[in-house]
There are 2 protein chains.
Amino acid sequence: MQFQQLLYFVAVAETRHFTHAAERVHVSQPSLSQQIRALETELGAELFSRARGNIGLTEAGEALLPLARRILADADTARQEVQELAQLRRGRVRLGATPSLCTGLLPEVLRVFHDRHPGIRLLIEEGGSHDLVRQLARGALDLALIVLPLPPGSPALTTVELLQEDLVVVSAASGKPPRRPARIADLRDQPLVMFRHGYDLRELTVAACRAAGFEPGFTVEGGEMDAVLGFVRAGLGVAVVPSMVAGRAGPGFRVTPLADPGLRRTIALAHRSDVAPPRAARELQRVLLDSRE
Amino acid sequence: MQFQQLLYFVAVAETRHFTHAAERVHVSQPSLSQQIRALETELGAELFSRARGNIGLTEAGEALLPLARRILADADTARQEVQELAQLRRGRVRLGATPSLCTGLLPEVLRVFHDRHPGIRLLIEEGGSHDLVRQLARGALDLALIVLPLPPGSPALTTVELLQEDLVVVSAASGKPPRRPARIADLRDQPLVMFRHGYDLRELTVAACRAAGFEPGFTVEGGEMDAVLGFVRAGLGVAVVPSMVAGRAGPGFRVTPLADPGLRRTIALAHRSDVAPPRAARELQRVLLDSRE
DNA sequence: TGATCTCCATAGTCAAAGCCTATGGTGCGC
DNA sequence: GCGCACCATAGGCTTTGACTATGGAGATCA
């Protein structure tokens, strides 16, 4: 059984005429006759009663017709569905990102992408780089925005550096102004508001303090970016955050840059090396990279 | 798009392994790879993410999979339906017969046929030969039991003589016994009970009377076979019926054969010449012809 | 680190399938 | 009765799909 045989069969059933049916499906009449005959032979039953000037369906033909129509319709649907996915009219991208990027970089980029491809659903997974890398490897994400360098033992990922973020110190506007520019060592005697485990910022800040020779003390820890900023504004302590986040934090904050060499982190776009990302993900990747300019 | 491509696709989707899938569908692995690739090219999208040791469906593949399964299932259903029709496990026969045959010959023959092919529906159309011939030509009947000769102007039908019926005179057992054997001429002065228009017996009896030189008179006319016999038993008149019908008419009747040459009619099985009857009809035809022995 | 193994892709060959044109054969109508 | 309409058949050609053999890349283990 072949799709074109079913197509020819339906054409004959509807025109009740071999020659006309052949024209409709754009083959010669003998080709059509031959295929109908092949289908009949395979199925083991005549499908048409071939009377002069009166082609009619046999009972077997009547039984086959609705199924043939449905099969052909399903095949059309399949073609269309897949093409819509390929043409970015439908689909999804599963993007992982660190929490700070979700509030900083992503909103604008995703708006641009969504305007361009309104049919693509965007599924955002917020998490630390470590988790995101695991999910990439498992195939649960198409792309992820992670902090370089990759954690040791990472699977084969391809990364493209996207941007470098400077980290700054935020404190309550109402409190005593810190030295400007700040130094890491200044944090030794400062109460710190710290993110929950999983934030790359936590590991990075703690590592920097230890490199400067002290263990940082936290007044509050846990909570997401918004909560941390709220605690800082309330005067519970200072925090180290990306400058992009601090810049949009609103009033009530004092933002203090760090003296050279400061703290920076490199944000990269990562995907599995062994599999090309889906079409929609490649498109989002392009938009992300373009957004740097 | 081809059925085998969908079959291979489903096999790979389910095994997540090209080599195993190839074994399952009994082709070599390169053939399967090639067909999958052809399908992907035609649809314009990759269907699988081919990572070492971890074959997975892409979004396009996910979209295609349920449709592919349904198409393959429909194709199987189609094959099975048609084969069941061909193997006489299902189906129908549309049989036309004259009313007298419906009560005489058919019940036993149809019982035999039904015992042999319980899945075949039997649709009986009762009518005069003229009507039956028209319905055969229109394709509304597969087979018909008609009275020979065919009406003038009949379309091309193939007929096989089935049996010859002797006609006899039936009268009420309570009445005056007629001459035995009877002659057509005896009917001149007899009140006749006559069938409705459309019965071949009516045309045949009237024609015989006219050939004998008189116009028959009817006390009652119209009604089916059972009604006519009822009228006869009630003493309203005599009737000319097939001997087979008279024999099973029950008590209350006197059956009188006609003197030579008598009246006979030839019952034949007819179908269109231009189209072979469907399988189930041919089978019923065989059973009918066998029933003569 | 390198030899081996697994597994999918590629190359080349061959038989079969499908389409074409030309032609045959059979009812139907003028 | 001759042509006409229409489906079937025949023969040739191109394409396709299957096979075997081989390549190449990642995983595995000594």
Side-chain angles (χ1 to χ4, degrees), chain A residues 1-9 11-43 46-58 61 137 139 153-158 272-276, chain B residues 1-9 11-42 46-58 61 136-139 153-158 271-276:
Chain A
M1 193 184 300
Q2 309 248 321
F3 281 105
Q4 87 251 47
Q5 292 173 342
L6 296 181
L7 188 72
Y8 299 172
F9 164 73
V12 175
E14 289 179 354
T15 59
R16 308 180 85 79
H17 202 289
F18 276 65
T19 306
H20 296 171
E23 287 166 12
R24 191 167 112 179
V25 298
H26 305 111
V27 292
S28 67
Q29 169 266 313
S31 297
L32 181 135
S33 283
Q34 182 185 332
Q35 289 302 307
I36 295 288
R37 184 65 76 191
L39 183 59
E40 288 176 327
T41 302
E42 181 190 337
L43 293 176
E46 302 256 312
L47 298 170
F48 295 106
S49 61
R50 295 160 166 82
R52 287 281 144 192
N54 185 21
I55 303 287
L57 284 167
T58 62
S154 293
L157 296 183
T158 300
R272 288 168 73 179
S273 304
D274 54 359
V275 176
Chain B
M1 194 184 300
Q2 311 243 322
F3 281 105
Q4 88 249 44
Q5 291 173 342
L6 295 181
L7 187 71
Y8 299 173
F9 164 74
V12 175
E14 289 180 352
T15 59
R16 308 180 86 78
H17 202 290
F18 276 63
T19 305
H20 296 171
E23 287 168 12
R24 191 168 111 178
V25 297
H26 305 111
V27 292
S28 68
Q29 168 265 316
S31 298
L32 180 135
S33 283
Q34 182 184 333
Q35 290 300 308
I36 295 288
R37 183 65 77 192
L39 184 58
E40 288 176 326
T41 303
E42 180 189 337
E46 303 256 313
L47 297 171
F48 296 105
S49 61
R50 296 161 166 81
R52 287 281 145 195
N54 185 21
I55 302 287
L57 284 168
T58 63
L136 273 179
R138 275 176 29 215
S154 294
L157 297 182
T158 300
H271 62 81
R272 287 167 72 178
S273 304
D274 54 1
V275 176

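In what follows, every chain begins at residue 1, and chains take the letters A, B, ... in the order their sequences are listed. Only heavy atoms go into these numbers, but all of them, side chains included; no hydrogens, no water, no symmetry mates.
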Please test A:L43 against A:M1 for side chain to side chain contact (heavy atoms under 4.5 Å, CB included), starting from the C-alpha separation and ending with a verdict. CA-CA 8 Å; A:L43 293 176; A:M1 193 184 300; 3.9 Å; yes
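A heavy atom lying under 4.0 Å from DNA chain D marks the following residues of residues 17-27 of chain A, by number: A:H17, A:F18, A:T19. Of all the residues in residues 30-40 of chain B, B:P30, B:S33, B:R37 reach under 4.0 Å from DNA chain C with at least one non-hydrogen atom.
Among residues two or more places apart in sequence or in another chain, the side chain to side chain donor-acceptor pair (under 3.5 Å) test is passed with B:Q34 by none. Scanning for side chain to side chain donor-acceptor pair (under 3.5 Å) contacts around B:T19 gives an empty result, with sequence neighbours left out. Qualifying side chain to side chain donor-acceptor pair (under 3.5 Å) partners for B:E14, counting only residues two or more places apart in sequence or in other chains: B:R24, B:R69. Taking A:R50 as the reference, A:E40, A:E46 meet the salt bridge (Lys or Arg N to Asp or Glu O under 4.0 Å) condition, with sequence neighbours excluded. Take A:E42 and apply the salt bridge (Lys or Arg N to Asp or Glu O under 4.0 Å) test, not counting sequence neighbours, and it matches B:R79. With sequence neighbours excluded, the residues satisfying ring pair (Phe, Tyr, Trp, His ring centres under 6.0 Å) with A:H17 are A:H20. Residues satisfying the ring pair (Phe, Tyr, Trp, His ring centres under 6.0 Å) criterion with B:F9, sequence neighbours excluded, are B:F48. Not counting sequence neighbours, A:S49 has no partner by the side chain to side chain donor-acceptor pair (under 3.5 Å) test.
Residue contacts for A:Y8: at a heavy-atom cut-off of 4.0 Å it reaches the sugar-phosphate backbone alone, with no base atom in range. Across all strands, A:Q2 comes closer than 4.0 Å only to sugar-phosphate atoms, never to a base (heavy-atom distances).
Proximity note for A:Q4 (side chain, C-beta onward) versus D:dC7, C:dG18, C:dA9: the nearest is C:dG18.
Across the protein-nucleic acid pair, B:F48 atom CZ and C:dC8 atom P stand 11 Å apart, rounded to whole Å. Going from atom CD of B:Q5 over to atom P of D:dT16 covers 11 Å, rounded to whole Å. Atom CD in B:E42 sits about 11 Å away from atom P in D:dT16, given to the nearest Å. Taking atom CD on A:E46 and atom P on D:dA8, their separation rounds to 9 Å, with Å as the unit. Taking atom CD1 of residue B:I55 and atom C1' of nucleotide D:dG26, one finds them 13 Å apart after rounding to whole Å. At whole-Å resolution of the value, CZ in B:R50 and C1' in D:dG26 are 16 Å apart.
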Give each protein N/O atom lying under 3.5 Å from an N/O atom of nucleotides 25-27 of chain C, with the pair distance.
residue	atom	partner	partner atom	Å
C:dT26	O2	A:R52	NH1	3.4

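Judged by distance alone, the side chain of B:Q35 and the main-chain N or O of B:L32 form no donor-acceptor pair under 3.5 Å.
Across every non-hydrogen atom of A:Y8 and A:V27, the tightest pair is OH-CG1, 3.2 Å. The two residues A:Q29 and A:A22 make their nearest non-hydrogen contact at CA-CB, 3.6 Å.
Looking only at side-chain heavy atoms (C-beta outward), B:L157 and B:H271 stay at 4.5 Å or farther from each other. Looking at heavy atoms from C-beta onward, B:T158 lies out of side-chain contact with B:R272 at the 4.5 angstrom threshold.
Annotation: the terminal axes of the helix from C:dT1-D:dA30 to C:dC30-D:dG1 meet at 10°, where each axis is the rotation carrying the C1' atoms of four end pairs onto the next four (5 pairs per end, rounded to 10°).
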